[in-house]
Amino acid sequence: MHHHLIHAGLVAGLALGLSACGKRADTAAVAPAATVTSADADAFVADFNQRARELGKYYASAQWLQSTYITDDSQLIASKYGEQFLEFNFNQGQAAKPFYALKDLKPDTARALTLIKLGTVAPSDPANRSKLATVLSDMEANYGKGQWCRKNASGNDECLSLPQIEDIVNNIDGKRKPEEIAEAWAGWHATAKPIRDDYQNFVGLYNGAARESGYADAGEWWRGGYDMSPADFSAETERLWSQMKPLYDALHCHVRAKLNARYGDAVVPKAGPIPAHLLGNMWAQQWANLYPLVEPYKGVSDLDVSAVLKRQRDAELKTLLAGYKGKPSAVDVAEMEHKADAVFAEKMTRTAEDFYTSLGMPKLPDSFWTKSMLVKPRDRDVVCHASAWPMDGQDDVRIKQCIQPDEESLTTIHHELGHIYYYLLYKDQPTVFQGGAHDGFHEAIGDTVTLSLTPSHLQKIGLVKDAKADQKAVINSQMKLALDKITFLPWGKLVDQWRWKVFSGEVAPADYNKAWWKLREEYQGVAPPLARSEEDFDPGAKYHIPGNTPYTRYFLSFVVQFQFHKALCEAAGFTGPLHECDIYGNKAAGEKFMAMLAAGQSRPWPETLEKLTGTKQMDASAILEYFAPLKTYLEAQNQGQSCGWSLPADPLAAASGS
């Protein structure tokens with residue numbers, strides 16, 4: 001998935017890192033360490049909350065400006081506010097230290113101080129804070145400006161942005177040749193080469209800050225934000241993956257066989273990793289674009305939502321063209337196409353809003369509609385990576401997304417609005433508690449809603465014609481969703497596995513790319529389409545690496561969203577198979593959902609999880625229950641297949657057969 005957010009609670013304390021910054025960086029006045037009391041601690045936390053909220057407005061605005069107007073000037077402004085936020089973090093972290101040893105703290109104050117400690121990691125040296133802010137700004141800007149330049153069919157030079165390159169790699173119509181897709185794949189991945197040295201510098205600065213705060217490295221710091229020890233958290237993620245790996249392996253085996261049948265042994269090996277460019281996604285993280293190739297029962301049900309959305313958008317354009325007086329020029333047509341895109345993007349967003357309001361949640365603020373960026377502007381570079389933004393800790397909430405008339409964009413809008421409604425429902429919490437119970441919760445809210453976008457629901461809103469409910473239709477629907485949900489799981493885990501190894505020093509800079517592909521081959525069973533080298537920096541071609549956004553949150557969200565879905569379906573009184581449940585319009589489910597959202601991160605996540613689901617443990621049993629029909633189908637289809645894959649001797653070698 002491709003979702004980044006800036007809010008007051010990123011990773012239990014990284015949260016404050018992204019909101020607590022602004023014009024001033026002075027510290028709160030506190031009593032000397034020997035004389036501090038619990039009342040002093042209460043006053044410190046109250047002061048911190050006020051400053052963090054106020055200063056965060058400036059930082060959020062600077063980041064928004066950089067992402068929606070990529071220029072040298074916006075980079076400079078974002079870098080400066082980033083530096084000030086790091087200074088604020090460092091000073092507040094120092095000021096909080098005398099309170100950690102107090103034994104008579106109020107529970108809320110104790111939790112707030114824990115989150116502040118996690119969230120105020122920053123270099124102590126002002127020069128290093130400046131360097132860290134600059135390198136982060138530079139890496140993000142490089143991603144946003146990335147282009148692949150080539151000769152087009154007419155022999156003219158053309159430069160393609162990421163969405164245009166993705167059109168080739170996604171290969172939605174299935175007509176592009178593997179070598180054409182590989183060329184586009186390599187073109188985008190080459191855009192990350194310039195930041196390889198930047199990333200090495202970033203790691204040194206970031207690790208230095210973590211060590212100054214008592215962590216072994218930045219990876220240990222990140223893993224410490226889950227109300228358990230870093231070591232226990234590592235074990236927990238491995239336990240969850242082991243529960244789900246058999247289902248992924250079965251799906252991988254089936255998809256590889258289908259790709260082999262289509263392209264032959266020379267392109268897709270029968271027993272090795274799958275070439276990464278042939279899975280319908282730039283990063284091979286979700287394979288939904290392969291659905292036409294692997295559709296279990298052809299013609300049983302029409303699930304082509306993208307085609308319907310495209311027709312509806314084209315109808316908008318047709319209306320605009322019909323209303324134009326005279327013959328439009330090429331510029332006029334381009335302007336009307338952009339207007340049609342904008343009008344339809346808002347319609348798609350209002351469709352998503354309607355789902356949330358049907359549960360009893362409030363309508364989005366008027367400012368959301370005037371300040372969000374819903375389509376790519378025609379006149380400037382922007383970061384198209386979809387993201388949700390809490391600008392002021394109150395009602396100024398926005399999304400930034402280059403919406404396309406397709407199913408992926410519709411799903412992404414529902415996902416991003418999950419963040420937005422989380423912001424709106426916990427806005428009355430103190431700033432330090434404005435975050436997800438853990439960061440996986442924040443990612444899971446919108447995805448929980450999308451699990452109710454069943455074929456019958458899509459038929460109700462006019463996006464599917466005939467939502468049959470027989471077993472063949474169920475398998476088709478499950479296959480389509482599994483290509484989105486199940487295929488993501490190993491990717492969701494390995495991105496931070498790589499970073500943790502880099503932060504710890506287990507992976508040296510000279511082996512960045514080798515270690516990246518070793519993990520991708522081990523977890524995903526995919527290999528590069530072309531030979532790679534350490535001149536490349538393929539991790540940097542994924543936004544979250546230069547954007548420095550932790551990624552395990554997405555892995556966790558794909559587990560807990562099914563737990564949430566099951567609990568909400570039970571609250572709604574639904575008693576059928578889990579995959580048929582649609583909570584749209586159910587106020588009882590909505591009340592339970594909103595109660596969890598309103599708590600933010602004020603309590604340890606196991607308590608919040610228990611209130612909704614009845615258990616304090618994350619568990620994959622709900623996701624396995626949901627996809628049980630598909631698992632049975634895959635086991636039958638894979639009879640006689642050689643499933644699994646052997647790891648290549650050289651992780652950087654091109655996939656055998658490519």
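Heavy-atom basis, side chains included; hydrogens, waters and symmetry copies ignored. The structure displayed is predicted, hence computed values, not measured ones.
- Residues Thr237 and Tyr226 are not in side-chain contact: their nearest non-hydrogen atoms beyond the backbone lie 4.5 Å or more apart.
- A distance-only check finds no donor-acceptor pair linking the side chain of Gln75 to the backbone of Gln66 [under 3.5 Å].
- Considering every non-hydrogen atom in both Leu113 and Ala96, the closest pair reads CD2-CB, 4.3 Å.
- Here the shortest heavy-atom pairing between Gly214 and Glu220 reads O-OE1, 4.4 Å.
- Residues satisfying the ring pair (Phe, Tyr, Trp, His ring centres under 6.0 Å) test with Tyr143, not counting sequence neighbours, are Trp188, Tyr543.
- The closest side-chain heavy-atom distance from Gln84 to Tyr58 is not below 4.5 Å.
- Rounding to the nearest 0.5 Å gives a distance of 9.5 Å between CD of Gln561 and CD1 of Ile445.
- When atom types are taken as modelled, the side chain of Thr120 and the backbone of Gln92 share no donor-acceptor pair closer than 3.5 angstrom.
- No donor-acceptor pair closer than 3.5 Å links the side chain of His442 to the backbone N or O of His419.
- Between the side chain of Asp496 and the backbone N or O of Thr552, at least one donor-acceptor pair lies under 3.5 Å.
- Put simply, the side chain of Gln563 gets close to the backbone of Gln617: a donor and an acceptor are under 3.5 Å apart.
- With a 4.5 Å cut-off on side-chain heavy atoms, Met282 and Leu162 count as touching.
- With Thr134 contributing its side chain and Ser130 its backbone, the two residues share a donor-acceptor pair below 3.5 Å.
- Summarising the geometry of Val559 relative to Leu240, their closest heavy-atom pair is CG1-CD2, 4.2 Å, with the distance given to 0.1 Å.
- Ionic pairing of Lys57 and Glu54 is present here: one or more N-O contacts between side-chain nitrogen and carboxylate oxygen are shorter than 4.0 angstrom.
- Residues meeting the side-chain hydrogen bond (donor to acceptor under 3.5 Å, both in side chains) test with Gln394, sequence neighbours left out: none.
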Full working for side-chain contact (heavy atoms from CB on, under 4.5 Å) between Met373 and Arg398: CA-CA 8 Å; Met373 188 195 86; Arg398 312 173 190 177; over 6 Å; no

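- With Arg111 contributing its side chain and Gln601 its backbone, the two residues share a donor-acceptor pair below 3.5 Å.
- For the side-chain hydrogen bond (donor to acceptor under 3.5 Å, both in side chains) test, no residue two or more places apart in sequence or in another chain qualifies with Gln50.
- A salt bridge links Asp536 with Lys193: at least one charged nitrogen is closer than 4.0 Å to a carboxylate oxygen.
- Because its NZ or CZ atom is both nearer than 6.0 Å to the ring centre of Tyr100 and within 45° of the ring axis, Lys117 counts as a cation-pi partner of that residue.
- Applying the side-chain hydrogen bond (donor to acceptor under 3.5 Å, both in side chains) test to Ser234 and every residue at least two apart in sequence or in another chain returns Arg223.
- Arg196 has no carboxylate O lying under 4.0 Å from a charged side-chain N of Glu535, or vice versa, which leaves the two without a salt bridge.
- Listed here is the closest heavy atom pair of Ala386 and Thr412: CB-CG2, 3.6 Å.
- One distance of note links CG of Asp42 with CG of Asp47; it measures 12.5 Å at 0.5 Å rounding.
- Proximity of the aromatic rings of Tyr422 and Phe441 is defined here by a centroid distance below 6.0 angstrom, and this criterion is not met.
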Lys427/Asp395 under side-chain contact (heavy atoms from CB on, under 4.5 Å): CA gap, chis, key distance, verdict: CA-CA 8 Å; Lys427 69 179 183 179; Asp395 291 316; 2.6 Å; yes

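- Side-chain contact between Tyr215 and Val121: present, with at least one pair of heavy atoms (C-beta onward) separated by less than 4.5 Å.
- Contact check for Leu556 versus Trp605: no side-chain heavy atoms found under the 4.5 Å cut-off.
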Chi angles and distances behind the side-chain contact (heavy atoms from CB on, under 4.5 Å) call for Ile545, Arg499: CA-CA 8 Å; Ile545 300 298; Arg499 270 192 289 211; 3.9 Å; yes

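- Between His189 and Arg532 the shortest side-chain heavy-atom distance falls below 4.5 Å.
- Here Glu236 pairs with Arg239 under the side-chain hydrogen bond (donor to acceptor under 3.5 Å, both in side chains) rule; sequence neighbours left out.
- A donor-acceptor contact shorter than 3.5 Å links the side chain of Asn207 to the backbone of Ala218.
- Between Tyr512 and Phe537, the ring planes lie tilted relative to each other; the angle falls in the 30° to 60° range.
- Annotation: Trp491 is not in aromatic contact with Trp498 [ring centroid separation under 6.0 Å not met].
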side-chain contact (heavy atoms from CB on, under 4.5 Å) evaluation trace for Lys131 with Val135: CA-CA 6 Å; Lys131 290 176 184 177; Val135 74; over 6 Å; no

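- Note that CH2 of Trp389 and NZ of Lys371 are 14.0 Å apart. Values are rounded to the nearest 0.5 Å.
- Residues Pro490 and Trp241 form a side-chain contact, since some pair of their non-hydrogen atoms from C-beta on lies under 4.5 Å apart.
- Between Met391 and Ser61, some side-chain heavy-atom pair lies under the 4.5 Å cut-off.
- Atom-to-atom distance recorded for Leu86:CG and Arg129:CZ is 7.5 Å, nearest 0.5 angstrom.
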Residues Glu416, Lys400; criterion salt bridge (charged side-chain N to carboxylate O under 4.0 Å, His left out); working and verdict: CA-CA 9 Å; Glu416 298 302 337; Lys400 172 187 63 61; over 6 Å; no

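- One distance of note links CD1 of Ile195 with CZ of Phe202; it measures 10.5 Å at 0.5 Å rounding.
- Annotation: Lys376, atom NZ; neighbour count of heavy atoms from other residues, nucleotides and ligands within 6.0 Å is above 12.
- When all heavy atoms of Ala216 and Arg211 are compared, the closest pair comes out as O-NE, 3.1 Å.
- In this structure, Trp148 contributes its side chain and Ala190 its backbone to no donor-acceptor pair below 3.5 Å.
- Using a distance-only test at 3.5 Å, with no hydrogens or angles considered, a donor-acceptor pair links the side chain of Gln243 to the main chain of Ala620.
- In this structure, His385 and His544 have perpendicular ring planes: the angle between them is above 60°, well past the 30° mark.
- The CZ atom of Arg603 sits 8.0 Å away from atom OG1 of Thr608, with the distance rounded to the nearest 0.5 Å.
- Taking all atoms of both residues into account, the shortest heavy-atom contact from Gln524 to Ala284 is NE2-O, 2.9 Å.
- A centroid separation of 6.0 Å or more is found between the aromatic rings of Trp221 and Phe503.
- Here side chain to side chain donor-acceptor pair (under 3.5 Å) pairs that include residues 502-511, with residues two or more places apart or in two chains, are Lys501-Glu506.
- You'll find the ring centres of Phe85 and Phe88 outside the 6.0 Å limit.
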